[in-house]
Amino acid sequence: MISPRQFFTEKLLEWNRETNTRNMPWKGEKNPYRIWLSEIILQQTRVEQGWPYYERFIQHYPTVKKLAAAPDEEVFRLWQGLGYYARCKNMLAAAREITATYQGKFPDQYEQIKALKGIGSYTAAAIASFAFNLPYAVLDGNVFRVLSRYFGIETPIDSTAGKKQFGTLAQELLPQSLSAEYNQSIMDFGAVVCKPQQPLCGECVLRKKCVALHEQLVPHLPVKTKKLLIKKRYFNYLLVHYKEDIYIRKRTDSDIWQNLHEFVLIETAGPSDITALQSSGAIDPILGKTPFEIDRVSAPFKQQLTHQTIHSQFISITVKKAPAIPGYTLVPRSSLNNYAFPKTITTFLESNHLQLF
DNA sequence: AAGCCGGGGGG
DNA sequence: CCCCCAGGCTT
């Protein structure tokens, strides 16, 4: 009698060889730089969303040395719209580390790989297995889901105990000599068959021994405990125009959108308008006594982030003298496309044809 | 251990 | 409206 574990591994590999038709540009890739790039881009990101970014990065930076030598702003600009911008910062740091310490040759040992910025246990295992066929099992959202259902494991995957339990199990299941193929198989299987919603249990090659299916636990697995609280925030953006220039700054606070740019921001506790901003004294610290003219006020914009709902309004004003606004710099409006902005700002810019993108 | 970091797609 | 996505870092 074949064990559930052996059944699992064999059926998964068989499914991959005979049925799996999922196609990605980096699939079967052996170049560690390309694998790494794809893995960074795909962290918490759908394949369909990351795909065009991957193509663009490979076009611009065919080698890790090229990426390491690129100006920060150019790289952030290329990353614009993808989200989780710390990934971009860490990616640049890692590229420069690889260039400086390893002479541009990607490290081929797990510990060295994992020590690079932005590379955690998942990404290290992915690179180690795909590029170097080292025996490290990947543990991502797909693997958590497939394992929790097939083995009927109800330990929360967002707990320390869960991560340890699933990590150990995943490593035990890994066929040592087939790590690349197996890792690819289980992730594709999770994405194509054992999906979060409406999984294809009717045609699943594991159904005979799937605990969740037999115990009708499929919709309840995997278990997650933490629920997130969503805050509302209100951003009033002043587009302060002086001749052909406009004020912007780079966001550096420990907050969202680090390393991206923005216009003059006045954050308020609730919805506001230019009159309220003036009478509350919020304008004074920014413009001082500089007279200004209100050109127009945008419709409200809304953007949903993981932990926050951002309500934005853009107020366009003109000054005849250029005040010194602390933290902000005056740049030509025509140069805005050299800077990376958060989605809500690019959406605004595009909607107003203020900028060609 | 818990919280935070984007944006998009689907139910 | 909710959840999830080839997760990792900070506190």
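In the text below, chain A, chain B and the rest are named by the order of the sequence lines, each starting its count at 1. This is a predicted model, so every value here is computed, not measured.
DNA chain C is contacted by A:Pro196 of residues 195-207 of chain A, taking any non-hydrogen atom closer than 4.0 Å.
Cluster note: A:Ile230 groups with A:Leu228 through ILVMFWY side-chain heavy atoms spaced under 4.5 Å, whether in direct contact or through intervening members.
Distance check on atom C1': B:dC5 versus C:dC5 gives 14 Å, rounded to whole Å. The gap from the P atom of C:dT11 to that of B:dG6 amounts to 15 Å, rounded to the nearest Å. With P as the reference atom, C:dC3 and B:dG3 are 15 Å apart, rounded to whole Å. Straight-line distance between the C1' atoms of C:dG8 and B:dG9: roughly 23 Å, to the nearest whole Å.
Residue pairs that meet the salt bridge (Lys or Arg N to Asp or Glu O under 4.0 Å) test with at least one member in residues 87-98 of chain A, sequence neighbours left out, are A:Asp72-A:Arg96. Sorted by first then second residue, the side-chain hydrogen bond (donor to acceptor under 3.5 Å, both in side chains) pairs that include residues 122-144 of chain A, not counting sequence neighbours, are A:Glu39-A:Tyr122, A:Gln43-A:Thr123, A:Ser129-A:Asn183, A:Asn133-A:Ser179, A:Asp140-A:Asn142, A:Asn142-A:Arg145. Applying the ring-ring contact (aromatic ring centres under 6.0 Å, His included) test to residues at least two apart or on different chains, the pairs with a partner in residues 263-310 of chain A are A:Phe263-A:Phe341, A:Phe301-A:Phe314, A:Phe301-A:Phe348. Within the structure, every pair that satisfies the ring-ring contact (aromatic ring centres under 6.0 Å, His included) test and touches residues 151-182 of chain A, not counting sequence neighbours, is listed here: A:Phe8-A:Phe151, A:Phe144-A:Phe166. Applying the side-chain hydrogen bond (donor to acceptor under 3.5 Å, both in side chains) test to every pair with at least one member in residues 321-330 of chain A, sequence neighbours left out, gives these pairs: A:Arg249-A:Tyr328. Applying the salt bridge (Lys or Arg N to Asp or Glu O under 4.0 Å) rule to pairs touching residues 167-177 of chain A yields A:Arg5-A:Glu172, sequence neighbours excluded.
Residue contacts for A:Asp158: at a heavy-atom cut-off of 4.0 Å it reaches no nucleic acid atom on any strand shown. Residue contacts shown for A:Leu229 are absent, as no nucleic acid heavy atom lies under 4.0 Å away. A:Gly81 comes within contact range of the sugar-phosphate backbone alone, with a heavy-atom separation under 4.0 Å but no base atom that close.
Judged purely by distance below 3.5 Å, without hydrogens or angles, the side chains of A:Ser185 and A:Asn20 never pair a donor atom with an acceptor atom. In summary, the side chains of A:Gln80 and A:Arg77 do present a donor paired with an acceptor at a separation below 3.5 Å, with no hydrogens or angles considered.
Rounded to a whole Å, the CG atom of A:Leu221 is 12 Å from the P atom of C:dC4.
Between A:Gly83 and A:Ala161, the residue whose closest nucleotide on DNA chain B is further toward the 5' end is A:Ala161. With the nearest nucleotide of DNA chain B identified for both A:Leu260 and A:Lys226, A:Lys226 has the one nearer the 5' end.
Phosphate contact (OP1/OP2 of B:dG6, side-chain N/O of A:Lys343, threshold under 4.0 Å): absent. The side chain of A:Gln308 places an N or O atom within less than 4.0 Å of a non-bridging phosphate oxygen (OP1 or OP2) of B:dC5.
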**Nucleic acid footprint by protein, nucleotides 6-11 of chain C - heavy-atom cut-off 4.0 Å, B for base, S for sugar-phosphate alone** = BBSS--
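With sequence neighbours left out, A:Glu267 forms a salt bridge (charged side-chain N to carboxylate O under 4.0 Å, His left out) with A:Arg233. Under the side chain to side chain donor-acceptor pair (under 3.5 Å) criterion, A:Trp51 pairs with A:Glu55, sequence neighbours left out.
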**Nucleotide pairing, DNA chain B (Watson-Crick or G-U, distances under 3.5 Å), in dot-bracket with [ ] and |** = |||||.|||||
